[in-house]
Amino acid sequence: MKFSNTLVYWYLQNNRELPWRKSKNPYFIWLSEIMLQQTRVAQGLGYYLKFTSTFPTVFDLAKAEESTVLKMWQGLGYYSRARNLHFSAKHIAQELNGEFPTSYAEIIKLKGIGDYTASAIASICFNEPTAVVDGNVYRVLSRYFGIKTATNSASGIKEFKTLAQTLIDPSQPGTYNQALMDFGALHCKPQNPLCVSCPFSDSCVALEKKLTKELPVKDKKIKVKKRYFNFLVIKTANNKTILTERTGKGIWQGLYQFPLIECEKTVNQKEIIDSEEFANLFPDETTLSLFNSKEIVHKLSHQHLYTQFWIVETKTLKNADILWENIQDFPVPVLIANFLKAFEIVK
DNA sequence: AAATCGTGGTA
DNA sequence: TTACCAAGATT
């Protein structure tokens, strides 16, 4: 039987009921696709429900402040997705009269939308036969056809896109695309794929050649950089603190944090007090104490952040203009949110 | 074009 | 505990 027929037949029996599948409104599909980039359905689901209820239309999203959008995105990671989403929402609302573009070629022009997302939206919402290639597709196709080309190489990306495009069912491209992804997520899983009960077991190259565990091939390992963060948690006598916005390049753009002293290694209390940054922040007398006796290691994909939170007590401070109770209104990284939770409990 | 961008789950 | 990696995009 044809690859697509077998696949779609499997999908009709095994597909997941997900809220965004009840609609073909491109705004909802767009939201779900952006949220699910490099993100599991289980993690993104709650955010999707929150966004669609708070921002039922693209105009509602466009009207919001960026910090509001980032606050709602807090905890989902890859925050450029939220900034680009908001940017494109404003573009659609203001320049496109609120009308979502209706072809792959137009959709991919939007900021934050690449080949995968444009293909997904075009196929699901507008029946355009453009094949999606995500992590699931790389895995299923590399195994089924026994392809050893690295999926993260320039040639691999091309090869798999071309192959996927030849396999798509042009009569139901959206269903086909989602079927391939669901099949990868639920059946042809990274570990312990269900080969025993697989509808492709008579023709899967990886199964025949016992290559399932070796495929897909991905080259290069990422290098993890170590960084040493010291956050200065100020609490003045009148219950105020300082938060700073992260700007420029690097992690957590647009999110807020306590004043940060970054060092080359783990430092002690004396080194903090003697530092130039500390002197600039606190010319007056202050007391300093380490909150976490054990260094917190916050792991990002490319960085390990060895973190200490220093509690600073001082009478008044002219830069401290944020009321402690209002911290919760600011978007913060999970590292900071976790600290705040722990600090509230101890306090 | 290789590096970078988060967080959480799984084995 | 570490390694992998999940509906990728950007620079």
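Residue numbering restarts at 1 for every chain, and letters A, B, ... go by the order of the sequence lines. Worth knowing before you read on, the calculation uses all heavy atoms, side chains too, and leaves out hydrogens, waters and symmetry mates.
- You'll find that the side chain of A:R139 is closest to C:dA6, out of C:dA6, B:dA11, B:dG8.
- Shown are A:K161, A:E33, A:Q165; of these, the side chain to side chain donor-acceptor pair (under 3.5 Å) with A:S119 is made only by A:K161.
- Looking at heavy-atom distances under 4.0 Å, A:I222 makes no contact with the nucleic acid at all.
- Among the heavy atoms of the strands lying under 4.0 Å from A:L300 is at least one base atom, whether or not backbone atoms are also near.
- Taking atom P in both C:dT11 and B:dG6, one finds a spacing of 14 Å when rounded to whole Å.
- Looking at heavy-atom distances under 4.0 Å, A:S32 makes no contact with the nucleic acid at all.
- In this structure, CG of A:D134 is placed 5 Å from C1' of C:dA7, rounded to the nearest angstrom.
- Nearest to the side chain of A:K111, among B:dG6, C:dA6, C:dT10, sits C:dT10.
- One atom, NE2 of A:H302, and another, P of B:dA2, lie 13 Å apart when rounded to the nearest Å.
- At the heavy-atom level, A:L18 lies under 4.0 Å from base atoms of the strands shown.
- A:G75 comes within 4.0 angstrom of the backbone, heavy atoms only, and of no base.
- Across all strands shown, A:G250 has heavy atoms under 4.0 Å from sugar-phosphate atoms exclusively, and none from any base.
- Hydrophobic clustering (ILVMFWY, side-chain heavy atoms < 4.5 Å, transitive): A:Y78 and A:M35 are in distinct clusters.
- A:W310 and A:Y306 are not part of a single hydrophobic cluster, where members link through side-chain heavy atoms under 4.5 Å apart.
- Residues A:P199 and A:H187 meet the side-chain proximity criterion, which asks for heavy atoms closer than 4.5 Å.
- Among the protein residues, A:W20 comes within range of the nucleic acid bases, having at least one heavy atom under 4.0 Å from a base atom.
- The CD-C1' distance, from A:Q191 to C:dA6, rounds to 11 Å in whole Å.
- In this structure, A:Q303 reaches the sugar-phosphate backbone alone: every heavy-atom distance under 4.0 Å involves primed, P, OP1 or OP2 atoms, never a base.
- For NZ of A:K148, the number of neighbouring non-hydrogen atoms (other residues, nucleotides, ligands) closer than 6.0 Å is 12 at most.
- As rounded to the nearest Å, B:dC5 and C:dC5 have C1' atoms that lie 15 Å from one another.
- Look at the P atom in both C:dA7 and B:dA2: the space between them is 24 Å, to the nearest Å.
- Protein atom NZ of A:K249 is 7 Å distant from nucleotide atom P of C:dT11, rounded to whole Å.
- Remark: P of B:dT7 and OH of A:Y47 are 9 Å apart, rounded to the nearest angstrom.
- Donor-acceptor pairing under 3.5 Å, judged by distance alone, is present between the side chain of A:S301 and the base of B:dG6.
- Across all strands, A:N177 comes closer than 4.0 Å to no nucleic acid atom at all (heavy-atom distances).
- For DNA chain B, the neighbouring residues in residues 33-42 of chain A, judged by any heavy atom under 4.0 Å, are A:Q38, A:T39, A:R40.
- Residues in residues 98-137 of chain A take part in these ring-ring contact (aromatic ring centres under 6.0 Å, His included) pairs, two or more places apart or across chains: A:W30-A:F100.
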